[in-house]
Amino acid sequence: MKALRNRSAAAVAACAGCVFIGLASAQQESLDPSLATSGVTVQSPDRANRDDRTDLPTAAPQARVAQQFTYQARLREAGLPAHGSYNMVFRLYDASAGGTLITSTGGIVAVNNGIFTVKPFWGTPDYPGQDRYLEVQVNGSILSPRHLITPAPYAFTADRLEWPVIETSDDYFFHLSRTSGDAAFFETEADGNWAFLGSIYAGLEGRTVDETGVLGQAEDGIGVHARRTTTTGTNPALYAESPSTSSYANAIVGEMTAASGGGFSCAMRGISNGAGSGGIGVWGSHAGSGYGVYGTTESGWAVRAQNGSNDASLFYGSQPDTTIDVGKHASGNGDDGLWIAESQTSSTDSAAIRAIHAAVGNDDAKAVWGINDDADYFGVGVQGDGGWVGVRGYALGTGSNSYYGVRGDAGAGAGGVCYSIYGGAPTGTGYSGYFAGSVNVTGALSKGAGSFKIDHPLDPYNKFLYHSFVESPDMKNIYDGTALLNAQGMARIEMPDYFEALNTQFRYQLTAIGAPMPNLYVASEIQNGVFVVAGGVPGAKVSWQVTGVRQDAYANENRIPIEQWKQGREVGKLLHPTAFGRSANEGIDKSRELEEANKGNR
């Protein structure tokens, strides 16, 4: 027996009558004396053409729990504790009898007073959670039954692991760390998906061939939350990129899947909590000639802008030489709905705003329509200010109709006065209205004075000639001419055929020409368009003049009032205050201008 305990590994051939007790399972195992006792040589079914290990490693304090476990047992021989070197093989099965061989290892094991300790599987055999059974062979004899592998103390913690991993204030519930490479790698060959935890590219990296690289889902919380903890730098909390060259490709997409979304629900929203003027909620840019921001809709607003301030832009845009502001307190004197600053000076055809309406049909469509719904007596539809021309109008008609470069229409209530076109008196030498061409007035014309102005017939290149209008309290027409007296010193003078229909209240003037004619007189007044002159010198010439007051339908309906009381703001004001030696501010027109200027202060 003493010789048996001191056998070398080469001398060990059999261990008939051995008793094997596995301390890890707390069961006593006996050696079957009928088993073969030939030399130990085991072929692993799942590792063809590879011999079992010939050098079984011993326990190592630095070993990683996830890769090996320690197995300790007691071996008896002939009823006494075995001592010496024994050839042992360890096999891992998925069943207590028969089953599939998972892996195996073997070698010379030292037994001291019946006790031995080994780490049989220091690779990474499959431990998916199902039962695993250990089979031991000593000096060619297989011990029976197989041992059930029971949990080691570290495995008790695995039963309590929860997901997601929770970071505590002083430690991590679950921690993976590696100085190089990936801390963890997960792969599904069938789908072509793989992911890294703590990879060299990112803290978490997900890849896929044609599915989802990283998928986050939440029942009622946040599916994926990206957060950047440092307060400086420009790296984003979330970054998406796509190298696709296909049409309608997207680097990032947000989609609301509900067919009837709630009010103000949105597929993608940008929020900037900065209180200053430098923050941006959503920023879109494009490197080419496409769109920085593009919005479409079926029946709503393609782009809707809204702000909660009375002095902030609804929309702001700029490009070289142009600034656009929508809904901004731009000028400092009022709230402007649309403010455009254009500084382009290279072309006389440039415009801050150009609207083109390709209207077809008979509708009077407008390229620009300014509407002001302010209260009565306030509000301006369109205003033009210019260094040369305030408002310019063109009508480029090509047909035979009437066309208007500028047309003005105005309406007023009872007692009101309206002006379709009103020109204020300018400072210095100038005109409230200037017409280079014919002027037609279908209504009454009121004026402070009137004259014709022509090039002086004697010096047309250096002088003008003015003649004042003939004024009358009546709506008077003047007709005149000369007549040659006959042998009786008489003349029959015919008036135009419309004379009596147009005029009434006739007045006559006769002037002798060539010699005095003290007896010259009107022999008969106008009847059937003819009056007769008599009492003159036979063969002499007479100058005559006849006036009449209009009696046509328009004149009868619009008779000019000769005297009229001033009304409203006209009382105490003058049409021509400087003619009376008074200040221009006492003028009626100046009063209108001051009233317009003071409207905003009421």
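Note that the coordinates shown come from a computational prediction; the quantities given were computed from them, not determined experimentally.
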- Query: Taking everything shown except D374 itself, do over 12 heavy atoms lie less than 6.0 Å from its CG?
  - Reply: yes

- Task: Walk me through it: do Y133 and D94 pass the test side-chain contact (heavy atoms from CB on, under 4.5 Å)?
- Result: CA-CA 6 Å; Y133 295 87; D94 60 1; over 6 Å; no

- Let me see the working for V89 and T105 under side-chain contact (heavy atoms from CB on, under 4.5 Å), right down to the final yes or no. CA-CA 6 Å; V89 177; T105 184; over 6 Å; no

- Closest non-hydrogen atoms of A237 and R228, given as atom of the first, atom of the second and distance, are CB-N, 3.9 Å

- So CG of L134 and CD1 of I102: to nearest 0.5 Å the spacing works out to 12.5 Å

- Message: More than 12 heavy atoms of other residues, nucleotides or ligands under 6.0 Å from CZ of R269: yes or no?
- Response: no

- Task: Taking the side chain as every heavy atom from C-beta outward, state whether H286 and Y294 have any pair of such atoms under 4.5 Å apart.
- Result: no

- Mind checking the CD1-CE spacing from I252 to M268? Nearest 0.5 Å is all I need. 5.0 Å

- Atom OG of S402 and atom CZ of R407: how far apart are they, to the nearest 0.5 Å? 10.0 Å

- Task: Taking all heavy atoms of A355 and all of V368, pick out the closest pair and write down the distance.
- Result: CB-CG2, 3.5 Å

- Ignoring hydrogens and geometry, is there a side-chain-to-backbone donor-acceptor pair from T212 to V214 under 3.5 Å? no

- Task: List the atom of S432, the atom of G423, and the distance in Å for their closest heavy-atom pair.
- Result: CB-O, 3.4 Å

- When every non-hydrogen atom of S272 is compared with those of I280, the smallest separation belongs to CB-O, 3.5 Å

- Side chains of H147 and Y71: do they bring a donor and an acceptor to under 3.5 Å? yes

- Rounded distance (nearest 0.5 Å) linking atom OG of S242 with atom CG of N250: 8.0 Å

- Query: Hey, is the main chain of A218 close enough, under 3.5 Å, to the side chain of D220 for a donor-acceptor pair?
  - Reply: no

- Note on the structure: R91 and S104 have their tightest heavy-atom pair at CG-CB, 3.8 Å

- Short question: side chain of D385, backbone of G390 - any donor-acceptor pair under 3.5 Å? no

- Verify whether one side chain among T229 and R227 offers a donor that lies under 3.5 Å from an acceptor in the other. no

- Task: Compare every heavy atom of L92 with every heavy atom of I149, then report the nearest pair and how far apart it is.
- Result: CG1-CD1, 4.1 Å

- Query: Looking at K366 and D364, does any basic side-chain N land under 4.0 Å from a carboxylate oxygen?
  - Reply: no

- At what distance, to the nearest 0.5 angstrom, does OG1 of T103 lie from CZ of R132? 11.5 Å

- Message: Can you confirm if the NZ or CZ of R146 lies within 45° of the ring axis of Y93 and under 6.0 Å from the centre of its six-membered ring?
- Response: yes

